[in-house]
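We name chains A, B, ... by the order of the sequence lines, and we start the count at 1 in each one.
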2 protein chains.
Amino acid sequence: MPVAKGSTIDPARTRATIVEAATAVLYERGLDGIGVAELCTRIGVSKETLYRHFGTKEGLVEVMLRQRSERVTQWLTAAVEAAGDDPRDQLAAVFDALQLWYDDPVFRGCAMLNAAAQHHVEPVRTITVRHLDGYLELLTGIAEGAGAANPPVLGRQLLMLVEGATVVAAHHDSVGAGEHARQAALILLSAASAASPCG
Amino acid sequence: MPVAKGSTIDPARTRATIVEAATAVLYERGLDGIGVAELCTRIGVSKETLYRHFGTKEGLVEVMLRQRSERVTQWLTAAVEAAGDDPRDQLAAVFDALQLWYDDPVFRGCAMLNAAAQHHVEPVRTITVRHLDGYLELLTGIAEGAGAANPPVLGRQLLMLVEGATVVAAHHDSVGAGEHARQAALILLSAASAASPCG
DNA sequence: CCGAGATCGAACCGATCGGTATGATCAGAC
DNA sequence: GTCTGATCATACCGATCGGTTCGATCTCGG
């Protein structure tokens, strides 16, 4: 049932299916936690096909990490846009979305950070840096919209809250992690937006 | 020159030396980034000796992670105690200490989190959870000392800032990460301690 | 001075790793 | 109907993995 036999119209479809399935399996087991042979079995594709599409295991990993980074960032961006124009609502939407992720039974932390923690290879590290760049841009934008005194710094502090909440949810306790981080974020936003306390 | 030949008085010394050296090498290369053979060469010890002391590679990893977790936590605790009685000074001391760590050329993020990100084995995950427990206890104590309205929640939010700052420093940019996190932490502390804003 | 035991170096083990090659099968284009 | 090429299943490759074994060497306690 997987992928399909023969040249089923579409090599691109095969490639997409591989990336899709590999993303789930590699996220669950860890990049080095499963060999190519077993990975292919789980995906339902032959090694020959996988290597023709991606060259090496590393190649597949990079493609899938890039796609995952893009999707997650777009997902968060969409949540922000759906929250309206109030920066406080936008920020709250970020952490509400994160809590939904934390509650997913398959949640295992940020795939890019997990990858960077083990694969010291340069391409993977670059993907992770770009991924955090995307988050930072989104959060700094909210900080700007709120009229923060120093949007880049506030954006970075919010990034720390996002990543910290994700780490705590993944490795300690996910219950209420998003909510607690959201409360903290809103406090920081308020403090940075008021020219002086109680102004 | 390493460890010493024959039964040099002290098997315990050999064991300690192995843990010490393995900690540095495994932190730099990643737990699965180096084989036992090369690891032994770098340490300057024979495989036979390593396996007699630790049974398996996993056994060595667990011993070294436990030791590292204890040391780091004690180091942070000492920094807090040296900062005096003012909770604000104590909290600032935490992030100042962290920034020193981030500036170390060998800094590669939290070893326990890196390990948990790849080794899905239970013992390693347990060590990581205990590690975060230790941080949380320290930070919640500061929150209590500051008379926070809800010390457990504030402690958790501070934990997120600590871990978030470490992630950002390790995988994005270490410059000023500790300082920015410290500013955010102090804002949260103020907000949680004041019964009402500007009270 | 001799035995116990800690260590070393190196050979060795089976398993698994990432990656390649082969031969057959099957779908679609022409 | 035939050719192209995407796919599969399988076998295979050398390298490396974690782990074991062995003989020699050295230190210390008695």
Side-chain angles (χ1 to χ4, degrees), chain A residues 1-22 25-26 28-65 115 118-124, chain B residues 1-22 25-26 28-65 115 118-124:
Chain A
M1 314 59 186
V3 171
K5 295 282 184 177
S7 162
T8 321
I9 309 172
D10 206 348
R13 177 83 71 187
T14 303
R15 183 185 164 101
T17 305
I18 294 175
V19 175
E20 210 72 30
V25 175
L26 291 174
E28 177 196 352
R29 298 275 297 264
L31 299 186
D32 293 335
I34 188 173
V36 175
E38 188 186 351
L39 177 64
C40 286
T41 302
R42 294 270 296 257
I43 293 179
V45 83
S46 70
K47 291 177 69 174
E48 197 259 344
T49 299
L50 186 144
Y51 277 103
R52 180 158 31 78
H53 277 290
F54 303 98
T56 67
K57 187 185 184 184
E58 262 286 314
L60 168 62
V61 166
E62 291 171 27
V63 168
M64 114 183 174
L65 285 180
Q118 48 196 301
H119 267 29
H120 297 167
V121 240
E122 196 44 50
V124 170
Chain B
M1 319 46 198
V3 170
K5 296 282 186 178
S7 161
T8 321
I9 308 173
D10 207 350
R13 178 84 71 188
T14 303
R15 184 185 165 100
T17 305
I18 294 175
V19 175
E20 209 73 28
V25 175
L26 291 174
E28 177 196 350
R29 298 275 297 266
L31 299 186
D32 293 335
I34 187 172
V36 175
E38 188 185 350
L39 177 63
C40 286
T41 302
R42 294 269 296 257
I43 293 179
V45 84
S46 70
K47 290 176 71 173
E48 199 259 342
T49 298
L50 187 146
Y51 276 102
R52 181 158 31 78
H53 278 290
F54 303 99
T56 68
K57 187 185 185 184
E58 262 286 315
L60 168 62
V61 165
E62 291 171 26
V63 168
M64 112 183 176
L65 285 180
Q118 49 196 299
H119 265 29
H120 296 168
V121 247
E122 196 44 51
V124 170

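- Per the geometry, CD1 belonging to B:Ile34 stands 17 Å off C1' belonging to C:dC17, to the nearest Å.
- In this structure, the CD atom of A:Glu48 is 11 Å from the C1' atom of D:dG5, given to the nearest Å.
- Between B:Thr49 and C:dA6 there is no side-chain polar atom (N or O) within less than 4.0 angstrom of OP1 or OP2.
- In this structure, B:Leu39 places its CG atom 12 Å from P of D:dG19, rounding to the nearest Å.
- One atom, CG of A:Leu26, and another, P of C:dG18, lie 10 Å apart when rounded to the nearest Å.
- Counted by atom type alone, B:Thr17 and B:Thr14 present zero donor-acceptor pairs between their side chains at under 3.5 Å.
- Taking for each of A:Glu38 and A:Gly55 the nucleotide of DNA chain C with the nearest heavy atom, the 5'-most of the two is the partner of A:Glu38.
- The distance from the NZ atom of B:Lys57 to the CG atom of B:Asp32 is 5.5 Å, given to the nearest 0.5 Å.
- Residue B:Thr14 has its side chain nearest to C:dT7 when only C:dT7, D:dC8, D:dG18 are considered.
- Between B:Thr56 and D:dG18 there is no side-chain polar atom (N or O) within less than 4.0 angstrom of OP1 or OP2.
- If you take CG of A:Leu50 and C1' of D:dT10, they are 16 Å apart, rounded to a whole angstrom.
- At distances below 3.5 Å, at least one donor-acceptor pair connects side-chain atoms of B:Arg15 with backbone N or O atoms of B:His53.
- Atom pair B:Asp32:CG and C:dT16:C1' shows a separation of 13 Å (rounding to whole Å applied).
- The base of C:dG19 sits within donor-acceptor range of the side chain of A:Lys47, with an N or O pair under 3.5 Å.
- The side chain of A:Ser46 approaches D:dC8 more closely than any other nucleotide in the set D:dC8, D:dG18, C:dG9.
- By the 4.0 Å N-to-carboxylate-O rule, B:Glu28 lies close enough to B:Arg42 to be salt-bridged with it.
- Under the 4.5 Å side-chain criterion, counting only non-hydrogen atoms from C-beta, A:Leu60 is in contact with A:Leu39.
- When the C1' atom of D:dC12 is taken as reference, atom OH of A:Tyr51 falls 14 Å away, rounded to whole Å.
- Between A:His53 and D:dA6 there is no side-chain N or O to OP1 or OP2 distance below 4.0 Å.
- Residue B:Arg52 places its side chain closer to C:dA6 than to any other of C:dA6, D:dG19, C:dG18.
- A straight line from CZ of B:Arg29 to C1' of D:dC17 spans 14 Å, rounded to a whole angstrom.
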